[in-house]
There are 2 protein chains.
Amino acid sequence: MNYHTVEKGESLMDNDNHKLARSTQLLRSFWSVQKNIVRFVQKIAVENGLSVPQYTILMTITLNKEMKMTQKKVGEQTFLPKSTLSHAVDGLAQEGFLSRQQVEGNRREMELTVTEKGKEFLKKMHLQDGGIHQLFQTAIDQLTDKQYEELLESHLLLSTYLESQTAGNGVK
Amino acid sequence: MNYHTVEKGESLMDNDNHKLARSTQLLRSFWSVQKNIVRFVQKIAVENGLSVPQYTILMTITLNKEMKMTQKKVGEQTFLPKSTLSHAVDGLAQEGFLSRQQVEGNRREMELTVTEKGKEFLKKMHLQDGGIHQLFQTAIDQLTDKQYEELLESHLLLSTYLESQTAGNGVK
DNA sequence: AATGAACTGTTCGGAAATGAACTATCATAC
DNA sequence: GTATGATAGTTCATTTCCGAACAGTTCATT
């Protein structure tokens, strides 16, 4: 991994330290928000009798407009290990929140669809008092519209980059 | 939880939907970055023979300038369950990365200090090729300085708010 | 100073998550 | 066609994590 051009009057060491400081700062910044989100998701999940992977899976499929997605795709998007995915999906299917059926034309893949019961459940969960959306809706009020837009924009830039990096290189 | 004033000409339903959409959008936005970070942290941790909680603990203490912190404080900042914390700290102490000693004047609390060996280890880990800092340093280049500053600012606003909310209300 | 309540951290049993081996299906080459 | 390798998902053994009960310490009240 090679370093970028160093500006005049700035030693390589200083530049490195500066970059290290910034990367630490950014990580810390994400972490301070993230720990709160994760904690909340965990709370919401267990309150509704789901494991965190299960909640993640439901959310992931739901985001996909169609409310259906192959198990493979869910794995790619969530990075959950195959075995975890399999168990979690199994539980969701038993609860009747998901239906599983083999993909037309490729019997290896499983098509996962959110059932009516699953949609009901999600709706109820999200509207519940103290739910994550209630929290986030008021959290957003902390930001101006402009700040909000720019936050999304920056996140997009970062996630696109991170995705491109980790896809290619060896993070199995 | 009560709703805010609805603007003229906008029905309550529309306003709710709009807010719900935004909260979903924001969650999704964070999630797209987070999943990459988490995945990386996990990789770095296991490559260096640490569990994720252990890595989290080391990072947390390190951020505290002094390189020392009570176990209680670490728990408050990381939200790790007490038992997990206890085990993880135990492992770190056995590795010789942390030293444990009772706090002067309150023998209930444990003061955790990063040892020289621990500092060495952290330094080596962070400079390693493909490490999280290398990744993040280049990720930052995706943003302009202004975008970077505003990202931090927005995160601070959000985390401060989330922290204040979850401290008071009943997320044990 | 004695009692009880609140707190910090540890221990332990059970639950959740994971890696590795496995089964079934599909794709390619011969 | 069938042999080989790749892919998607499941199963199982192991590890990791966490809630609850616990032990020791401190604080407040009497």
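As a basis for the values below, the full set of heavy atoms in this structure was taken, side chains included, without hydrogen atoms, waters or symmetry mates. Below, read A as the first sequence line, B as the second, and so on, with proteins coming before strands; counting in each chain starts at 1.
If you check residues 98-108 of chain B against DNA chain C, the residues with a heavy atom closer than 4.0 Å are B:R100, B:R108, listed by number. DNA chain C is contacted by B:Q71, B:K72 of residues 51-74 of chain B, taking any non-hydrogen atom closer than 4.0 Å.
Residue B:S83 places no side-chain N or O under 4.0 Å from the OP1 or OP2 atom of D:dC18. Dashed line: the shortest gap from a side-chain N or O of A:T84 to OP1 or OP2 of C:dA17 is not under 4.0 Å.
There is a side-chain donor-acceptor pair under 3.5 Å between B:Y148 and A:Q25.
The residue from B:T113, B:T70, B:L122, B:V74 that alone fulfils the side chain to side chain contact (heavy atoms under 4.5 Å, CB included) condition with B:I61 is B:V74.
The main-chain N or O of A:R108 is found under 3.5 Å from a side-chain atom of A:N106 such that the two form a donor-acceptor pair. Checked by atom type and distance alone, the side chain of A:K119 never pairs as donor or acceptor with a backbone atom of A:V114 at under 3.5 Å. Without hydrogens or angle criteria, B:T60 side chain to B:T56 main chain gives a donor-acceptor distance under 3.5 Å. A donor-acceptor contact shorter than 3.5 Å is absent between the side chain of B:S154 and the backbone of A:L151.
In this structure, the CG atom of B:L80 is 16 Å from the C1' atom of C:dT10, given to the nearest Å. When the C1' atom of D:dC18 is taken as reference, atom NZ of A:K43 falls 18 Å away, rounded to whole Å. A straight line from CZ of B:F79 to P of D:dC17 spans 19 Å, rounded to a whole angstrom. The nearest whole Å value for the distance from the CG atom in B:L85 to the P atom in D:dG19 is 13 Å. Per the geometry, CD belonging to B:E109 stands 12 Å off P belonging to C:dT10, to the nearest Å. The nearest whole Å value for the distance from the CG atom in A:D90 to the C1' atom in C:dA16 is 14 Å.
Of the two residues contacting DNA chain D, namely A:H87 and A:E111, the nearest-nucleotide position lying further toward the 5' end is that of A:E111. Nearest-nucleotide assignment on DNA chain C puts the 5′-proximal partner with B:K82, out of B:K82 and A:P81.
Scanning for side chain to side chain contact (heavy atoms under 4.5 Å, CB included) contacts around A:S51 gives A:P53, A:Q54, with sequence neighbours left out. A:F97 pairs by the ring-ring contact (aromatic ring centres under 6.0 Å, His included) definition with A:F121, not counting sequence neighbours. Applying the ring-ring contact (aromatic ring centres under 6.0 Å, His included) rule to B:F30 yields the partners A:H155, B:H155; only residues at least two apart in sequence or on another chain are considered.
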Encoded 5' to 3' (Watson-Crick or G-U under 3.5 Å; [ ] crossing; | other strand), DNA chain D becomes ||||||||||||||||||||||||||||||
* Begin from the C-alpha positions of B:R22 and A:D141 and carry the test salt bridge (Lys or Arg N to Asp or Glu O under 4.0 Å) through to its verdict. => CA-CA 11 Å; B:R22 296 236 297 191; A:D141 295 340; 5.6 Å; no
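Comment: B:E150 engages B:K146 in a salt bridge, judged by a side-chain N to carboxylate O separation of less than 4.0 angstrom.
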